[in-house]
Asks: 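Just dropping this structure here.
Note that the structure is a prediction, hence the values are computed from the model and not measured.
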Protein chains: 2
Amino acid sequence: MAKVSDIEILNGLMSVFRSKGYDGASLNELAEATGLKKASLYHRFPGGKKEMTAAVLDFMESWINDKVYKVLSDEKLVPTQRLKEALDNINAVYNEGREVCLYRSLSMDTGMALFGEKIEKGINQWLESFSILGKAVGQDAETAMQMAKQSFIEVQGSLVLSKAMDSTEPFQNAIQQIKNRYKT
Amino acid sequence: MAKVSDIEILNGLMSVFRSKGYDGASLNELAEATGLKKASLYHRFPGGKKEMTAAVLDFMESWINDKVYKVLSDEKLVPTQRLKEALDNINAVYNEGREVCLYRSLSMDTGMALFGEKIEKGINQWLESFSILGKAVGQDAETAMQMAKQSFIEVQGSLVLSKAMDSTEPFQNAIQQIKNRYKT
DNA sequence: ATTATTTTACCGAACGTTCGGTAATTTTAA
DNA sequence: TTAAAATTACCGAACGTTCGGTAAAATAAT
């Protein structure tokens, strides 16, 4: 029986990689954040820091799949309701704009060289999700993708601004703006 | 006479800090990028890595002042022309969207803790510049600031997307969108 | 059911490497 | 010839990683 569950570990790792990036995340810090000792982390992740990062990226991808993709393509719900739920999830994962995006933190040179493909895949999943929503509100494929990209840009950009200004306002505005964009 | 000029050094440091962030930028790499040996860098920057970073941030701030602020508030030019020039400068400094923003790279936890104030100041200068332009095209102060923030968000967000997709298209679109926003 | 064996989970201590930083020395230039 | 600039050589500390070993749980054999 594991002393610390997989999910607890992943959440701990996620938190450190998000706030420190790949280079800035030290094994001591990662260990402390998970509640395991450094050597025990290596037992769980024999591939070391790289494997930990890959696991966190996979975790993030499954989060997008569950909390964004599935929600935005749920045909049992009306588009407006889908969007509300997805944005609630997004708002929660970014802690109202106080927390930074994992993909941003890992897209420095070192992280990109090691995990560029996973990062691109996750972002494409994100864009694809919003693209489906766009088409559900009657847009053609090209316009829907354009809207998805614009929404992604506003989330990312507003997170940068919110972080720098130490205020959740830019992010909250961005969320509202995305909501308006898909109004039918 | 210095073997390597201040500007050459600053450009070298800037390049590394931008692509690697504070934690990821090693002294060896910084030295190599400047053309000096590690110890010689310490001769120029006795305060070490922190002083180098501060110098780069000051350099960036003076760049914004020259290439954005002064341009956007130059009353000898019509607003549309001011914007074109400023966006040309911005386009150049980001290498059409291939290079990342220094403020983004340094706004991980470590960088924020050390240089949060300088980062915030630089961004505020940026916002102030575009705010002046907004007022020049007839917007009230509040709307002008809102437009400035939106433009900043689109630059930052599109840079994130361009980096991840390895394409300059998102950034170029964003530049165009900003241009449209200030059309009179 | 109980013992013996293997596997799993974890930890403390240490590994070699690289880090940021310093001292002493040589080179350059005035 | 003297001061500034750059270099070589080096330092202690922190890095990511590995190792030897312990305690507990799961599995196999009796």
Asks: What is the nucleic acid contact for A:Ala25, judged by heavy atoms within less than 4.0 Å: base, sugar-phosphate only, or nothing?
Replies: sugar-phosphate
Asks: Rounded to whole angstroms, how far apart are NZ on A:Lys50 and P on D:dT18?
Replies: 11 Å
Asks: Does A:Lys49 pair with A:Asp23 as a salt bridge, N-O distance under 4.0 Å?
Replies: no
Asks: Taking atom P of D:dT7 as reference, at what distance in whole Å does atom CD of B:Glu32 sit?
Replies: 13 Å
Asks: Within less than 4.0 Å of OP1 or OP2 of C:dC10, is there a side-chain N or O belonging to A:Arg44?
Replies: yes
Asks: Return the value, rounded to whole Å, for the distance between atom CG of B:Leu30 and atom P of D:dA6.
Replies: 16 Å
Asks: Output yes when at least one side-chain N/O atom of A:Ser40 is less than 4.0 Å from OP1 or OP2 of C:dA9, else no.
Replies: no
Asks: Would a distance-only check, ignoring hydrogens and angles, find a side-chain to backbone donor-acceptor pair under 3.5 Å from B:Arg104 to A:Val160?
Replies: no
Asks: Mind checking whether B:Trp63 and B:Phe59 have ring centres under 6.0 Å apart?
Replies: no
Asks: Under the 3.5 Å rule, do the base of C:dG21 and the side chain of B:Lys38 count as making a donor-acceptor pair?
Replies: yes
Asks: Does a side-chain N or O of A:Asn28 approach OP1 or OP2 of D:dA14 to a distance below 4.0 Å, or not?
Replies: no
Asks: Which residue, B:Leu41 or A:Asp23, contacts DNA chain D at a nucleotide closer to its 5' end, judged by nearest heavy atom?
Replies: B:Leu41
Asks: Output the rounded distance in Å from NZ (A:Lys49) to C1' (D:dT18).
Replies: 17 Å
Asks: Among C:dC11, D:dA6, D:dG16, which is the nearest nucleotide to the side chain of B:Leu36?
Replies: D:dA6
Asks: From D:dA9, D:dG16, C:dC11, pick the nucleotide closest to the side chain of A:Ala39?
Replies: C:dC11
Asks: Tell me: CG of A:Leu27 to P of C:dT18, nearest whole Å?
Replies: 16 Å
Asks: Measure from NZ on A:Lys37 to C1' on D:dC19 and round the result to the nearest Å.
Replies: 18 Å
Asks: I'd like to know if B:Asp88 and B:Lys84 make a salt bridge, using a cut-off of under 4.0 Å between side-chain N and carboxylate O.
Replies: yes
Asks: Determine: side-chain N/O of B:His43 to OP1/OP2 of D:dA6, distance under 4.0 Å, yes or no.
Replies: no
Asks: When the distance from OH of B:Tyr42 to C1' of D:dA9 is rounded to whole Å, what number comes out?
Replies: 16 Å
Asks: What integer distance in Å separates B:Asp6:CG from D:dA5:C1'?
Replies: 13 Å
Asks: Begin with the C-alpha distance, continue with both residues' side-chain angles, and end with the deciding distance and a verdict on side-chain hydrogen bond (donor to acceptor under 3.5 Å, both in side chains) for A:Glu154 and A:Gln150.
Replies: CA-CA 6 Å; A:Glu154 285 168 4; A:Gln150 182 65 21; 2.8 Å; yes
